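Inspection log for the structure reproduced underneath, given as structure tokens.
Chain letters run A, B, ... following the sequence lines, proteins first and then strands; every chain starts at 1. The model shown is predicted, which means the values in this text are computed figures rather than measured ones. Side chains included, hydrogens not; waters and symmetry mates left out as well; all remaining heavy atoms used.
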Amino acid sequence: MTELLPKGYEPKNVESRWRKRWEETRAFTPAPDAPGEAFSIAIPPPNVTGALHIGHALNLTLIDVLCRHARQKGKNVLWIPGTDHAGIATQNVVERALAKEGKRRQDLGREAFVERVWAWKEDYGNRILDQIRALGASVDWSRLRFTMDEGLSAAVRKVFVQLYHEGLVYKGKYIINWCSRCHTALADDEVEHEQQRGRLWRVRYHLADDSGSIVVATTRPETIPGDTAVCVHPEDERYRRIIGKTVLVPILGREIPIIADAYVDRAFGTGALKVTPCHDHNDWTLGNRHHLQFIQAIDENGVMTSESGPYAGLAKNSCREKIVADIKAAGDLPGAEDVEHAVGRCYRCHTTVEPHVSEQWFVAATKLAPAARGAVPELTRIYPEAWVKTWNHWLDNIRDWCISRQIWWGHRIPAWTCPACGALTVAEMTPSACRACGAGGLTQDEDVLDTWFSSALWPFSTMGWPGKSAELARWYPTSVLVTGFDILFFWVARMMMMGLHFMSEPPFRHVYLHALVRDAAGRKMSKSTGNVIDPLAMIDKYGCDALRFTLTAFAAMGRDIRLSEERIEGYRHFVNKLWNAARFALIHLAEMPKEVDPAAVRGLHNQWLLHSLEAVKNDMDKAFTEYRFNDAAQLGYKFLWNEFCDWHLELIKPDLQSQDTERVNSAKYVLWLALREALVLLHPIMPFVTAEIWQSLPTPAGKATDIAGEPWPAPRPGCVREAEARRMEFIQEVIVAVRTVKAELNIAPSQKTGLLIHPADTRQAALLETCREMIMTLARLESLQIGTLLNAPKASASAVIQGCQVIMPLKGVVDLASELTRLDKELAKVEKDMTAASKKLHNESFVKRAPEEVVQRERDRAAGLLDARNKLLALKKRFTEAFEE
RNA sequence: GGGCAGUUAGCUCAGCUGGUGGAGCACCGCCCUUACAAGGCGGGGGCCACAGGUUCAAGUCCUGUACUGCCCACCA
């Protein structure tokens with residue numbers, strides 16, 4: 001005996017109960033030797049910096065939908081959860097927290113500071129795990145990972161050491177991007193370029209031999225103390241004769257050469273460029289090509305160095321003001337103009353990034369990239385495909401990846417320097433002696449690795465690599481990577497490079513890049529704009545299933561999602577609709593109904609619903625497999641609401657009251673079957689409400705089970721019945737026609753009327769006769785005659801459906817004029833369609849060149865329209881006569 | 001400067017390989033019909049951004065234009 005569900009769906013208790021149950025029964029902890037095709041997904045590990053945002057909610061929902069669907073399809077599914085230590089980002093938030101106590105990390109010292117970050121990680125990391133739970137993510141908690149846990153750290157060291165010995169990791173002095181606030185080097189893609197208004201100054205450099213001068217254009221006059229050349233285009237007639245001469249650096253008076261290089265754009269500025277190899281990426285290249293001097297004028301704190309003469313000790317911005325003033329005073333500033341130019345900013349703290357020369361560690365991405373590029377699309381497919389071009393372009397133009405960071409939170413670089421001979425020892429374990437000379441007392445490199453270095457190993461490091469784990473054997477490569485396109489390069493490309501190199505197989509078969517979640521106005525959500533939608537608050541307010549359904553329904557490939565609270569509220573109605581449909585069903589399914597053969601079930605409406613069910617089963621399955629999440633959601637929505645609730649539940653109501661037990665059984669069994677399967681179809685998207693209802697449904701075995709373990713319903717070919725479905729649709733059209741007539745004539749739906757139907761042929765007549773009760777109930781009729789309209793009163797409202805005439809006698813109260821307007825409207829529509837059809841059919845080339853089947857369809861249509869028009873005209877004539885009488 | 005998306009009903013968006021333009025929300029009207037008013041039933045509303053082209057036939061394919069958004073890029 002099942003209990004009645006409460007009147008309204010209350011998500012809170014239901015959700016927490018199921019969360020707990022699934023975790024306790026280890027429902028999502030797969031055994032490597034369990035049967036089924038392997039299916040695995042590595043979670044994009046959220047940063048332990050703060051709370052999950054709506055983008056995470058989208059990401060986790062989509063992954064969960066795929067995982068639950070894969071389980072339904074009998075696959076052996078592994079979804080490993082975890083979090084990322086997020087080097088710079090986490091260090092920054094902890095430093096900010098420290099600042100509130102008036103402390104800096106240096107006050108604590110490295111060890112104490114790192115401990116403090118670990119404490120933060122415990123706290124916030126756990127909050128994030130709870131949020132993953134809240135979203136209903138069916139992850140395997142027994143395999144939880146963190147990028148800095150022991151196993152993953154071992155993987156990091158192993159990878160670093162091996163790449164070092166292969167020459168794919170190297171240390172070198174290069175120009176890198178320096179954030180003076182985070183006090184660390186950044187990789188190229190950690191710099192965000194932003195158009196900014198700036199000023200372009202023209203500065204005169206005098207020739208050393210006093211034979212003239214050359215004017216260069218610069219946006220960064222504070223770098224003048226670092227100038228080691230002036231560069232012009234070799235074919236620039238204006239400067240040709242002075243190439244090779246020397247000029248004096250303004251104010252400082254240092255003598256530097258004029259060089260020529262085709263890199264210079266003659267049309268820009270004055271066509272002459274000052275070269276500062278230590279403070280500009282291009283100038284660095286020029287400096288190397290022309291063997292220039294390298295002078296560091298700005299230090300890592302953004303302060304002018306001793307090389308800057310009178311400006312030493314000034315902050316770079318003050319230096320700029322002062323040097324411009326000084327040059328102007330010297331009469332060597334012939335002009336200045338406003339320009340738009342790109343400025344690099346730190347992606348973590350938005351401080352302007354300074355190109356800086358220093359010794360750093362690099363991964364030879366240039367050598368690893370070709371394999372990664374080649375893997376797509378043969379070994380790994382990217383969805384949507386539009387991203388493949390971007391992928392290729394990025395990998396083709398890649399530069400070596402700077403991986404050392406001058407911060408404290410992260411994987412310390414496993415490289416030690418010998419105090420005796422200065423040699424480097426790179427090893428997985430702390431070495432006791434120098435590799436070169438055997439001396440002891442080695443000191444470890446102070447730097448840590450870029451956070452993306454460990455993320456790059458995630459798909460295999462989480463499965464136990466470098467050990468030979470059962471997980472790796474069973475589940476690597478992962479089936480699909482689901483992530484936002486914003487980390488395509490940071491993460492996806494690097495995983496590909498590392499995966500191919502260390503596992504000889506790509507880390508994933510598919511990459512599904514989902515959109516960004518924006519606000520209703522299309523703006524990026526951010527705390528500063530104040531337009532964030534907090535997923536937890538939404539779950540609290542509307543329930544997890546409503547949020548999940550909304551995100552799924554909006555996840556159309558290749559398009560951003562504009563989300564607003566109203567949308568979530570809207571889909572909550574759908575969750576509730578399902579709930580109430582189930583309540584109705586349960587009233588009649590107190591006990592398991594007697595089984596009937598679905599392929600031989602009685603009743604056109606039952607056959608129709610089972611036919612629809614076959615279609616939606618098939619279509620949704622396909623949509624899930626092809627990552628068309630929005631289609632899957634919509635298919636489920638339509639089936640449940642429009643077909644199951646709006647039609648079928650209404651159609652079986654008379655059955656359920658019937659004395660005919662076979663009829664009652666058929667209705668109940670189809671109701672049971674359709675609801676049951678609909679729940680399974682919707683379960684990947686709405687796990688909680690479906691689990692709760694499922695549990696209340698009777699089963700043949702008599703006891704409640706867990707829908708999470710229920711397979712995707714098998715196809716039932718015997719239920720595919722095109723002809724019966726078409727017939728049912730005809731009956732529906734008739735019913736809608738009656739309702740429309742009533743509504744438009746302002747007859748209350750509840751007011752029962754009589755009806756006369758004149759079928760177009762005997763086949764229709766028979767069909768209508770079998771569906772007499774359905775029509776009477778759903779159209780709310782007090783009487784129904786099926787036959788000729790000879791004895792119909794002339795004062796009748798009418799409609800024509802597939803040649804079938806539907807006549808509703810009007811009683812005194814009804815407004816006769818509005819029926820005339822209605823008929824005219826109907827006629828106008830038919831005539832418009834007729835004109836279009838006949839125009840087509842009178843077009844010789846159409847008849848001659850279009851496929852026969854298209855032409856025939858058009859002919860049939862025209863014939864149908866003509867018939868409808870004639871019948872409507874006749875009806876109108878009768879009606880008009882009645883009106884006149 | 002290059003590249004990639006997008007432009008369809010008031011709003012947010014579907015529309016696959018070309019063959020009578022859809023959904024949800026919003027709006028209007030009638031209904032508390034015993035699962036659901038978070039509901040039922042019905043309705044109005046679109047020269048599918050613009051201009052060409054291919055085709056018997058174009059929202060759909062091609063070319064160009066205009067906006068919008070994103071990505072990449074060393075023009076000081």
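Using modelled atom types, one finds a donor on one side chain and an acceptor on the other under 3.5 Å when comparing D227(A) with Y205(A).
Note: F639(A) and F644(A) have parallel aromatic rings, judged against thresholds of 30 and 60 degrees for the angle between ring planes.
Distance check on atom P: rG15(B) versus rC41(B) gives 27 Å, rounded to whole Å.
For E650(A) and rA35(B), a side-chain-to-base donor-acceptor distance below 3.5 Å is present, hydrogens and geometry of angles not being considered. A donor-acceptor contact under 3.5 Å is not formed by the side chain of K389(A) with the base of rC4(B).
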Writing each nucleotide of RNA chain B 5' to 3' as (, ), [, ], | or . by Watson-Crick or G-U pairing under 3.5 Å yields (((((((..((((.....[..)))).(((((.......))))).....(((((..]....))))))))))))....

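Residue order along RNA chain B, read from the 5' end via each residue's closest nucleotide, puts K825(A) first among K825(A) and K274(A).
Counting non-hydrogen atoms under 4.0 angstrom, A850(A) reaches a base of the nucleic acid.
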Every protein N/O lying under 3.5 Å from an N/O of nucleotides 27-29 of chain B:
none

Nucleotide N/O to protein N/O under 3.5 Å, stretch nucleotides 20-24 of chain B:
| residue | atom | partner | partner atom | Å |
| --- | --- | --- | --- | --- |
| rU20(B) | O2 | R861(A) | NE | 3.1 |
| rU20(B) | O2 | R861(A) | NH2 | 2.4 |
| rU20(B) | N3 | R861(A) | NE | 3.0 |

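Ion pairing between a basic and an acidic side chain is recognised when a charged N comes within 4.0 Å of a carboxylate O; K541(A) and E569(A) show no such pairing. Salt bridge annotation for R220(A)-E222(A): present, with a cationic side-chain nitrogen under 4.0 angstrom from a carboxylate oxygen.
A close approach under 4.0 Å does occur between a side-chain nitrogen or oxygen of R849(A) and OP1 or OP2 of rC56(B).
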